[in-house]
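Scope of the values below: all heavy atoms of this structure, side chains included, with no hydrogens, waters or symmetry mates. We count ligands from 1, going down the list as the structure has it; atoms in each ligand are counted the same way.
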Amino acid sequence: MPLPTAALDELVTANRILAREGVVDAFGHASIRHPTRPDRYVMSRARAPECIEIDDLMEFTLEGAPVDTGGRTGYAERHIHGAIYERRSEVHAVVHHHSPAVIPFGITRTPVRPVMHMCASIGAEVPLWDSRDTFGDTNLLVTTMTMARDLAVALGEHPAVLMRGHGAVVAGASLREVVFNSIYLQLNAELQSRAAALGEITFLSDGEIDAVLATRAAFTFERAWEYWCRRAARPYDERPWAGPLAG
Ligand SMILES: [Zn+2]
């Protein structure tokens, strides 16, 4: 069954938003689980997110094999996505990025934790994965399913995981959710770094994080998505295609 054009359009939009908001540059990627084939996912050929068009989108098995290359080459790090879809059935979208704001936390092993209400959905704990712990000296790229599965274990049930000397991964129920959490993970990292230079930080408590999430409506994602679509010069489509709207 061909993929709905709206789902593909939304994935193009997600890539453009992540680029516009500075979460990704020439590198980094977003994917969705295939809407009707949960054993597959969809992501662009290896191309900068800002440049992605609908014809760049390819289907992959969870093992990372392209279903039909059409002469295109996938991202070397696509296995990050497959390993997470394989491990977590409720995940319908994944973003991998190298946001400069998050790198200092991974390389100093300083935990990134919510410092403002909008960032509560990054989770009370953002775990850290260090490829060297298991794989020794590598080029740090996650280019095999073995490495990607190890990363997926570190992510666990969390919304995000940091990668030492590399970047981060955000996983969730919908593209709107993972784009939201990618942008607010970046913002939280910026704010936390700035605050650390001023003095002792008062983080959100676990109770405050729970309270924010309990009262957050699906409309929060929609309002943000419409705003980011406008900034990225992309049409706004109210209908979420890639999974349910998580509150
Ligand atoms: Zn990477």
remark   = Between Met147 and Trp129, the two heavy atoms sitting closest are O-CZ2, 3.8 Å

query = Is Glu53 salt-bridged to Arg16, going by a charged N under 4.0 Å from an acidic O?
reply = yes

ask   = Given Glu59, which of Arg45, Arg78, Arg40, Arg72 fulfils the salt bridge (charged side-chain N to carboxylate O under 4.0 Å, His left out) condition?
value = Arg40

inquiry  = Listing by chain and number, which protein N, O or S atoms are under 2.8 Å from the Zn ion (ligand 1)?
reply    = Glu77 OE1, His96 NE2, His98 NE2, His166 NE2

inquiry  = Enumerate the ring pair (Phe, Tyr, Trp, His ring centres under 6.0 Å) contacts for residues 5-25, please, sequence neighbours excluded, ordered by first and then second residue.
reply    = none

task = Tell me, yes or no, whether the heavy-atom count around Phe27 atom CZ, taken from other residues, nucleotides or ligands under 6.0 Å, exceeds 12.
result = no

CA sep, side-chain torsions, deciding dist, call: Glu63, Arg149, salt bridge (charged side-chain N to carboxylate O under 4.0 Å, His left out) = CA-CA 11 Å; Glu63 293 276 346; Arg149 286 178 177 133; 3.0 Å; yes

